[in-house]
Amino acid sequence: STLGASAAERGGRYFGAAIAAGRLGDSTYVNILNREFNQITAENEMKWDATEPQRGNFTYTNANRIVNHATAQGMKIRGHALLWHSQMPGWAQSLSGSDLRNAMINHVTQVATNYRGKIHSWDVVNEAFADGGSGGRRDSILQRTGNDWIEAAFRAARNADPGAKLCYNDYNTDGINAKSTGIYNMVRDFKSRGVPIDCVGFQSHLGTSVSSDYQANLQRFADLGVDVQITELDVAQGSNQANVYATVTRACLNVARCTGITVWGIRDSDSWRTGENPLLFDSSGNKKAAYTSVLNALNGG
Ligand code: G3I
């Protein structure tokens, strides 16, 4: 009857949405959130610029509005994101070398400790791989502190909150390609060396089609011994939108270790993809064909 309830009936999966603290006073928005979803991700409020705007000065006011809402509603919380080259605070952007390394590890430790016990899964590192055919890391000031920055971040997060699942999250990984293979090789390496990693998020900001090896890609990661999730799903509008949503939903259901799906907003008017109408509810909060298609897929259709 709802996305969250139907997902829960499929092996205890969740169906979630990205939430903006500033919209929690909008009753249409909150009614849909509470009715349909059993997991939330903060769209911006847990990012580095939001949680540590000045060095060593941590602010959780907006993040806590989302955490408190989710906790009161019994929703799982995905923490997003401890480290990302984008949306870094200005003070951190001006650092480099060991000073930046120390600041980023401190950030991971402080935020994960603050939310210890409340976060189901953390995106520890977001979008660290390059687009295109290299399969390598994205150049960034974080990467320039040394290639081991990702594993250092995962180890710090594990120490700070041993109960949270620790995930790597990225986009343009929605099939078997050079970028997803680069990440696959990193996860395989981490598993072989005992670096703590539990899950990989596939953002899935999709156009009018989805790669035919989408499910096979999820499965190859699952076969490494990590859970996988669809973390930021949205799909370009057009005649194929409902089909793409259903294909992605079925792919997750067909992979035993695909534990949940998150859409990146509730109504089309809430989306970062302005004018693209990529979500499951229209701007008035009505269910779209894509909604019905996802619900049918969750119910085995
Ligand atoms: O909060 C300020 C506000 O004070 C100011 O008046 C306003 C003026 O532009 O900007 C507001 O900040 C904006 C913020 O969203 C909150 O609305 C930023 O400019 C804007 O850049 C930011 O965009 C977010 C984007 O990440 C930043 O890169 C989107 O909402 C958010 O949906 C998007 O999410 C990312 C994921 O974190 C990672 N994967 C890709 C995904 C889509 O880009």
Side-chain angles (χ1 to χ4, degrees), residues 7 10-16 18 39 41 78 80-81 84 121-138 150-151 154 165-193 195-236 240-264 273 278 290 293-294 297-298 300:
R10 302 300 299 273
R13 289 177 172 84
Y14 63 76
F15 205 101
Q39 180 272 338
T41 304
R78 189 180 188 96
H80 174 82
W84 185 25
S121 306
W122 267 114
D123 287 330
V124 179
V125 170
N126 191 44
E127 301 178 10
F129 276 73
D131 289 313
S134 75
R137 297 284 182 86
R138 174 193 298 278
I150 298 181
E151 62 190 87
F154 275 82
K165 304 282 189 197
L166 304 182
C167 310
Y168 177 82
N169 192 53
D170 216 325
Y171 68 91
N172 283 354
T173 52
D174 317 303
I176 296 175
N177 57 39
K179 186 174 181 180
S180 63
T181 298
I183 296 163
Y184 176 87
N185 290 336
M186 178 187 76
V187 173
R188 189 174 55 184
D189 171 56
F190 280 14
K191 295 299 276 185
S192 74
R193 292 190 295 112
V195 179
I197 185 167
D198 306 304
C199 32
V200 176
F202 298 83
Q203 293 185 12
S204 307
H205 295 293
L206 298 175
T208 52
S209 66
V210 58
S211 176
S212 60
D213 53 11
Y214 186 90
Q215 181 180 319
N217 189 49
L218 298 180
Q219 187 65 57
R220 72 170 174 156
F221 278 85
D223 290 344
L224 291 175
V226 288
D227 289 338
V228 297
Q229 294 93 22
I230 315 306
T231 52
E232 304 184 13
L233 181 60
D234 51 21
V235 179
N240 210 29
Q241 185 179 53
N243 281 332
V244 172
Y245 265 108
T247 301
V248 169
T249 302
R250 285 193 207 101
C252 181
L253 294 172
N254 287 338
V255 173
R257 294 196 74 145
C258 183
T259 58
I261 299 174
T262 306
V263 288
W264 204 241
R273 294 169 71 169
S293 168
V294 169
L298 289 171

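- Applying side chain to side chain contact (heavy atoms under 4.5 Å, CB included) to L218 and the options V228, D223, V248 leaves one that passes, V228.
- Counting only N and O atoms by type, the side chains of Q229 and R78 include a donor and acceptor under 3.5 Å apart.
- Judged by the 6.0 Å distance and 45° axis criteria, K179 is positioned over the aromatic ring of Y171.
- A side-chain donor-acceptor contact under 3.5 Å links S293 to the backbone of A242.
- With I183 as the fixed residue, the side chain to side chain contact (heavy atoms under 4.5 Å, CB included) test singles out one of N185, V187, T181: V187.
- Test I230, V263, T262 against F15 for side chain to side chain contact (heavy atoms under 4.5 Å, CB included) and you get one pass: V263.
- Side-chain N or O atoms of R138 include none that pairs as donor or acceptor with a backbone N or O of D131 at under 3.5 Å.
- Between the S180 side chain and the G175 main chain, a donor and an acceptor come within less than 3.5 Å of each other.
- A donor-acceptor pair shorter than 3.5 Å cannot be found between the side chains of N172 and Q203.
- Proximity of a side-chain donor or acceptor of R13 to a complementary backbone N or O of L253 within less than 3.5 Å is detected.
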- prompt: Would M186 and Y168 count as a side-chain contact (heavy atoms from CB on, under 4.5 Å) if you check the C-alpha gap in whole Å, the side-chain angles of each, and the deciding distance to 0.1 Å?
  reply: CA-CA 10 Å; M186 178 187 76; Y168 177 82; 3.9 Å; yes
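- If you look at F202 and Y214, their ring centroids are not closer than 6.0 Å.
- Between the side chains of N126 and D123, no donor N or O sits under 3.5 Å from an acceptor N or O.
- In this structure, the side chain of N240 does not engage the main chain of N243 through any donor-acceptor pair within 3.5 Å.
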